[in-house]
Peer 1: 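I am attaching a structure below and will ask some questions about it afterwards.
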Amino acid sequence: MVKLIARVIVTPKPVVNDPQGNTVKAGLHRLGFAEVADVRIGKYIELQLEADDEVGARRRVAEMCQKLLANHVIEDVRFLLDEAETKVTSG
Amino acid sequence: MKFGVVVFPGTYSDRDCGWVVTEVLGAELEYLWHKDRDLKGCDCVILPGGFSYGDHLRCGAIARFSPVVESIVNFAAHGGLVWGICNGFQVLCETGLLPGALLRNDVCEFRCQWTDLVVERDDTLFTSGLERRDVLRIPISHGEGNYFADPATLSRLEQANQVVFRYCAPDGHVVPAANPNGSIHNIAGIVNREGNVLGMMPHPERCAEPELGGTDGLRLFKSVVQSFAGVAG
């Protein structure tokens, strides 16, 4: 078994208007960040899981995205799979 | 006839709906807890407004997997009357019983106000006591009521005449200024193709007695009772 972290990113589909993103873009422009072409605001979901292997874990996380984590009418979803982090404590 | 009103953790319009059913209509009522699978012989199940499961993840996303909603999906598939109001509409979209989804209001704020709605269908079980082009005054109260469907779905919805209510001016004209939340085509309520599942953002239970400033909402409740008497009779 391997311990993994899935980092799931959910964003509004391009066809969906994102008023939050538009507001933040306008804010960034007002602050002088003229280079910002677009802002989309979504969700970041972190899952800790155990799996036999990475391929199996990818299939399972994809299924979770499909069934619950995103609404496919309005959202796009993607994820990154990492080995679980090891926290180093001092002393 | 018997109405069921679903109660999730976080629902808040359940007692208002229940009050209209028992005290105003004089009909039978059962509250259906989210863990119930048994719909207790209800003829029409109302999914009321509120914040089921705290609206966590997305409005209606968690409610969709509750035991009671699984039974309601099955009930709807067999022709049962299902009426989603506000959060209930969001739940029905998450289940797929109704197409589309409800996005955050385009104004990025919660809107609690009276709206005027033009009636597009008077031939559904929920609107049989209304006339097409009637204008109803019913309040909304939501942060995420911006109805969205992709262009293909929207086109199918319009062609199949599934839009029941649109936000309009007091004279019945559907104009952008009357749209409180950015809903596409000013859509405030839709039915499924079969016509037994209605979802709407406005709250008819909040305007069913003169003391509340209007009684247009009661016309919907009365329509359901009349239709059911017609079907059962």
Side-chain angles (χ1 to χ4, degrees), chain A residues 4-31 33 36-49 51 57-82, chain B residues 52-66 69-70 73 87 89-111 142-157 176 179-187 190 199:
Chain A
L4 298 164
I5 292 186
R7 304 177 196 281
V8 180
I9 297 154
V10 182
T11 51
K13 276 185 189 292
V15 66
V16 171
N17 183 32
D18 177 14
Q20 271 196 104
N22 294 341
T23 306
V24 170
K25 184 171 84 173
L28 289 170
H29 286 175
R30 271 200 303 279
L31 289 169
F33 299 103
V36 176
D38 196 19
V39 178
R40 305 292 282 173
I41 295 187
K43 293 182 194 119
Y44 173 71
I45 303 166
E46 201 171 88
L47 311 171
Q48 297 185 24
L49 59 147
R58 279 193 186 279
R59 198 179 56 241
R60 295 284 288 173
V61 174
E63 203 180 332
M64 294 176 208
C65 292
Q66 187 68 36
K67 286 191 169 167
L68 177 62
L69 300 180
N71 176 334
H72 300 274
V73 175
I74 49 175
E75 294 169 329
D76 286 327
V77 59
R78 61 188 192 272
F79 66 88
L80 301 162
L81 205 57
D82 292 333
Chain B
S52 56
Y53 303 94
D55 272 357
H56 296 326
L57 189 64
R58 293 182 306 277
C59 308
I62 311 294
R64 175 190 158 195
F65 297 99
S66 61
V69 170
E70 286 177 0
V73 170
N87 187 228
F89 186 10
Q90 295 163 341
V91 173
L92 291 174
C93 287
E94 282 282 336
T95 62
L97 283 176
L98 294 175
L102 293 137
L103 300 171
R104 180 178 290 242
N105 295 347
D106 66 344
V107 288
C108 281
E109 60 183 32
F110 194 96
R111 281 287 168 94
H142 60 244
E144 276 134 329
N146 175 359
Y147 183 77
F148 171 85
D150 64 69
T153 305
L154 187 64
S155 156
R156 279 198 300 274
L157 200 65
N179 189 336
N181 53 26
S183 289
I184 201 155
H185 290 195
N186 280 39
I187 289 172
I190 57 173

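Below, chains carry the letters A, B, ... as their sequence lines are ordered, and counting in each starts from 1. We use all heavy atoms of the structure for the numbers below, so side chains are in, but hydrogens, waters and symmetry mates are not.
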Peer 1: With a 3.5 Å distance limit and no angle check, can you tell me whether A:Asp18 reaches the backbone of A:Gly21 through a side-chain donor-acceptor pair?
Peer 2: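 Judged by distance alone, yes, a pair lies under 3.5 Å.
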Peer 1: Which residues from residues 67-79 of chain A are near chain B, with near meaning under 4.5 Å between non-hydrogen atoms?
Peer 2: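 So the qualifying residues are A:Lys67, A:Leu68, A:Leu69, A:Ala70, A:Asn71, A:Val73, A:Ile74, A:Glu75.
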Peer 1: Heavy-atom distance under 4.5 Å between the side chains of B:Val91 and B:Ser52, does that happen here?
Peer 2: yes
Peer 1: Would you say B:Asn179's side chain and B:Ser183's backbone share a donor-acceptor pair under 3.5 angstrom?
Peer 2: yes
Peer 1: Atom CG in B:Asn186, atom OH in B:Tyr147: separation rounded to 0.5 Å?
Peer 2: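 Nearest 0.5 Å value for the CG-OH distance: 13.5 Å.
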Peer 1: Do B:Asn181 and B:His142 have side chains that approach each other closer than 4.5 Å (heavy atoms only, starting at C-beta)?
Peer 2: yes
Peer 1: For B:Arg104, does the CZ atom have more than 12 heavy-atom neighbours from other residues, nucleotides or ligands under 6.0 Å away?
Peer 2: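 Atom CZ in B:Arg104 is not crowded, with 12 or fewer foreign heavy atoms closer than 6.0 Å.
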Peer 1: Against chain A, label B:Leu57 side chain, backbone, both or neither, depending on which of its atoms sit under 4.5 Å from a heavy atom there.
Peer 2: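 Both backbone and side chain of B:Leu57 come within 4.5 Å of chain A.
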Peer 1: Judged by modelled atom types alone, do A:Asn17 and B:Asn146 share a side-chain donor-acceptor pair under 3.5 Å?
Peer 2: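 No donor-acceptor contact under 3.5 Å links the two side chains.
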Peer 1: Indicate the atoms forming the closest heavy-atom contact of B:Cys59 with B:Asn87, along with that distance.
Peer 2: CB-ND2, 4.3 Å
Peer 1: Taking A:Arg7 for its side chain and A:Glu46 for its backbone only, find out whether a donor-acceptor pair lies under 3.5 Å.
Peer 2: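 Here the side-chain-to-backbone pair does not exist.
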Peer 1: Name, in order of residue number, those residues of residues 36-44 of chain A that have a heavy atom at a distance of less than 4.5 Å from a heavy atom in chain B; otherwise write 'none'.
Peer 2: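 Counting heavy atoms that sit under 4.5 Å from chain B, the residues of residues 36-44 of chain A involved are A:Lys43.
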Peer 1: Measure the shortest side-chain to side-chain distance between A:Val61 and A:Leu49 over non-hydrogen atoms and say whether it is less than 4.5 angstrom.
Peer 2: yes
